[in-house]
Each structure stands twice: as structure tokens, then as C-alpha cells.
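A quick write-up on the structure given underneath.
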Amino acid sequence: PFYPDETGRPFIVFVTYHPAAGFHDSSKLASVYEDFRDLRLLLDGQLQRPIDEYPNPSYTELSLPSYLAPEYTDRSANPVALDFETKTDGSLYCWSVTDQPGAGFVIFHDDNPRASRDWLRAICENPGRLKVFHNLIGVDWTVITEQLGIKLVNFEDTMIAAYNLSFSPQGLKPLARRRLGMVMDDYGDLVGRARTAWLVNQLEYVTVLDTPDLPPPAGTRQKKSWSLQQKAADLVLRAEKNPDFRLLAAYERLAVKAGGVLEKLVGPEPQWDLTLLPRKDVIRYSARDPDATLRLWGLEEPLLRRMGMI
């Protein structure tokens with residue numbers, strides 16, 4: 001990016017590791033190599049930033065997956081990318097699938113568990129169609145093989161491919177941004193926005209309650225009683241004025257200071273996961289992962305073939 005200096009002339013900030021970082025930590029070696037290769041291209045005027053080729057993707061909930069089963073379970077040459085999202089207890093919440101870049105379907109498993117499992121089995125156990133995942137040996141593998149009892153055949157992993165090609169970073173979201181220009185929501189940010197909205201709602205509720213002032217917290221120098229309602233109103237106001245205000249930390253400090261009174265008034269905080277978010281937000285978040293995975297495979301597959309790795 002360009003930033004004006006004190007003279008008003010633009011300059012470029014190019015962020016990278018120190019060259020010696022790769023020797024001290026071999027996991028950073030690929031990043032150092034790529035950064036200095038890109039710096040050379042930048043100085044030569046040849047560095048091109050990737051641009052998202054599908055800025056308006058089509059992500060849709062699929063309520064009856066059997067209707068589209070033939071399109072995904074045939075022996076088409078197109079690979080199919082999949083990704084899975086779980087609940088707090090580790091059970092399957094939804095899974096997403098695509099065989100076209102810039103598109104994706106999301107299936108909420110509990111809506112129709114039998115149809116969901118049967119269609120997924122038809123895809124995963126079809127030897128004639130390549131399945132592509134990112135970081136398969138983790139949540140995805142556990143859900144497919146252990147929870148659902150499905151045998152997975154003919155598959156590739158774009159994270160392993162990125163490692164073999166010395167691509168960095170190797171996490172899906174930063175890798176897709178660097179290689180494809182795709183901007184993707186982070187799980188923590190997505191849940192964090194919902195959590196912040198919940199906290200604001202709870203604090204606003206406290207502001208209208210008629211409760212007596214609380215005594216000074218034990219072990220502090222404070223000697224006067226204080227108003228929980230006023231403190232809650234102050235936090236709401238600060239959160240509205242400053243998007244960067246750390247509301248969660250402030251709420252937790254207030255809860256400790258109130259000595260359990262706050263939790264009695266609003267109830268315990270829920271165990272946050274995707275099930276508590278609006279489905280429209282979950283659909284975009286979930287479907288974007290296999291979309292990115294499929295596009296990454298389109299970059300990686302010809303390079304792997306050229307190098308004789310597949």
C-alpha cells in the first residue's frame with residue numbers, strides 16, 4: 001500500500017521477516033524466500049497483486065441435498081471441494097460443497113440428518129470423482145470417518161500441497177488472500193461480532209433495571225457504593241463511540257466487580273459457536289471455505305503435475 005510521507009510523496013511499505021528468520025526458524029524459510037522474491041518483482045515493476053475473480057459469489061443453503069446429488073456424485077472431471085463446521089461439542093453442524101469457483105452450497109446437517117449423510121456418502125465414496133479439502137486431517141476427517149462412518153476415497157489436501165510447493169502461509173484464509181485475493185472472515189471475528197452484540201444487548205437491559213447500588217468490592221480501596229446501571233450505560237456508550245473498544249474485557253471486569261450480581265440479572269453467557277449466529281452469516285462463512293479450496297487447487301494442481309508430485 002502507498003502512504004504519504006511528510007513531504008506528501010507516496011512510498012511503499014513492504015513488510016517481511018528479517019532474512020535471518022529463516023535460519024532461526026525453518027518454518028519461516030518459505031515465507032522469507034517468497035517475500036524477497038516478491039520484493040525483487042516489486043522493484044522491477046512486475047509484481048501484480050491477485051484480484052478476486054469472483055467478487056460476487058453465489059452461496060446458498062441447500063435444504064434437500066438429494067435434489068442435487070446427481071450433479072456431485074457423477075464421474076465428472078471437475079473436482080469437488082468440501083468443508084465442515086462443528087458445534088461446541090464437536091458434532092457436525094453444517095457442511096459445504098462446490099464444484100464451481102465462486103459458488104457453494106451449505107447443508108445444515110440436523111435439518112435432515114439422513115439425507116445429509118447419504119448425499120455426503122455418495123460424494124466421498126465415489127472413486128471416480130476427486131475430493132479436495134484444506135487441512136483434512138483434523139475436524140473434517142473426524143466428522144467424515146468417525147461421526148458419520150463414511151469411507152473417503154480419491155482425495156487431495158490443498159494444505160499439504162501448499163507445503164510441498166513451499167507456499168506460505170499455509171492456513172486457508174491467509175493463503176487464499178495472498179494467492180487469490182480472496183478476503184475471508186476469521187472464525188473469531190465472526191463469532192466475536194455476535195458476542196459483542198449480545199453483550200451490548202445485556203448491558204442495555206441492565207440499564208433499565210431498578211436495582212440498589214452495590215457495596216464497594218472487597219479487597220479494593222473503593223469506599224463508596226456504586227451503580228451497576230450507570231457502569232453498564234457507560235460501557236454501552238463507549239462501545240458505540242469506539243469500534244475498537246475492548247468490550248469483552250470491560251464486561252468481564254464489571255462482572256467480577258459486581259460479585260455475581262450481573263450474571264444473576266442477565267444469566268450466564270452462552271457457549272459461543274456458529275449455531276448461535278444468523279444462518280445467512282453462517283452460509284457465507286461456511287461456503288467460502290470450499291470455494292477458496294477449489295480455487296487453490298486450480299493453482300496447485302498444474303504445479304504439482306509439472307513437478308511430478310501427482
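Residues passing the salt bridge (Lys or Arg N to Asp or Glu O under 4.0 Å) test with D185, sequence neighbours excluded: R193. By the side chain to side chain contact (heavy atoms under 4.5 Å, CB included) test, K151 pairs with E125, V153, sequence neighbours left out.
Residues F84 and T142 form no side-chain contact, since every pair of their non-hydrogen atoms from C-beta on lies 4.5 Å or further apart. Contact check for L228 versus L254: side-chain heavy atoms found under the 4.5 Å cut-off. Looking at L120 and H109, their side chains never come closer than 4.5 Å, going by heavy atoms from C-beta outward. Put simply, the side chain of Q100 reaches to within 4.5 Å of the side chain of N78, judged on heavy atoms. Using a 4.5 Å heavy-atom threshold, the side chains of V282 and Y93 count as touching. No side-chain heavy atom of D140 sits under 4.5 Å from any side-chain heavy atom of W95. Between L237 and D234 there is no side-chain heavy-atom pair separated by less than 4.5 Å. L304 places a side-chain heavy atom less than 4.5 Å from the side chain of W297.
Between R195 atom CZ and L248 atom CG the span is 4.0 Å, to the nearest 0.5 Å. Taken from OG1 in T158 to CG in N164, the straight-line distance is 11.5 Å, to the nearest 0.5 Å. To the nearest 0.5 angstrom, K257 atom NZ is 9.0 Å from L214 atom CG. Distance check, rounded to the nearest 0.5 Å: CG of L39 to CZ of F14 gives 5.0 Å.
In this structure, R238 contributes its side chain and L247 its backbone to no donor-acceptor pair below 3.5 Å. Looking at S91, its side chain never comes within 3.5 Å of a backbone N or O of K87 through a donor-acceptor pair. T196 contributes a side-chain N or O that, together with a main-chain N or O of G192, makes up a donor-acceptor pair within less than 3.5 Å. A donor-acceptor pair is defined here as one N or O able to donate and one able to accept, closer than 3.5 Å; such a pair exists between the side chain of K131 and the backbone of N126. No side-chain donor-acceptor contact under 3.5 Å links D52 to the backbone of M182. Side-chain N or O atoms of Q147 include one that pairs as donor or acceptor with a backbone N or O of L92 at under 3.5 Å.
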Pair E301-V132, side chain to side chain contact (heavy atoms under 4.5 Å, CB included): steps then yes or no: CA-CA 11 Å; E301 190 265 347; V132 186; over 6 Å; no

Does T293 form a side-chain hydrogen bond (donor to acceptor under 3.5 Å, both in side chains) with H134? I'd like the steps, not just the answer. CA-CA 6 Å; T293 299; H134 192 89; 5.1 Å; no

Would you please test D289 and E85 for side chain to side chain contact (heavy atoms under 4.5 Å, CB included) and show each step? CA-CA 10 Å; D289 281 4; E85 306 295 344; 3.8 Å; yes

Going through the checks in order, is the side chain to side chain contact (heavy atoms under 4.5 Å, CB included) test met by V106 and Y285? CA-CA 10 Å; V106 178; Y285 173 80; over 6 Å; no

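Between R178 and D38, at least one side-chain N (NZ, or NE/NH1/NH2) sits under 4.0 Å from a carboxylate O, which counts as a salt bridge.
Taking each heavy atom of F36 and Y17 in turn, the nearest pair found is CE1-O, 3.8 Å. Smallest separation of non-hydrogen atoms from S286 and C94: OG-SG, 3.6 Å.
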Residues 199-209, side-chain donor-acceptor partners within the protein, below 3.5 Å, at least two apart:
| unit_1 | atom_1 | unit_2 | atom_2 | d |
| --- | --- | --- | --- | --- |
| Q202 | NE2 | V266 | O | 3.2 |
| T207 | OG1 | E204 | O | 2.5 |

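Residues D291 and Y54 bring no donor and acceptor atom of their side chains to less than 3.5 Å of each other. There is a side-chain donor-acceptor pair under 3.5 Å between Q229 and T211.
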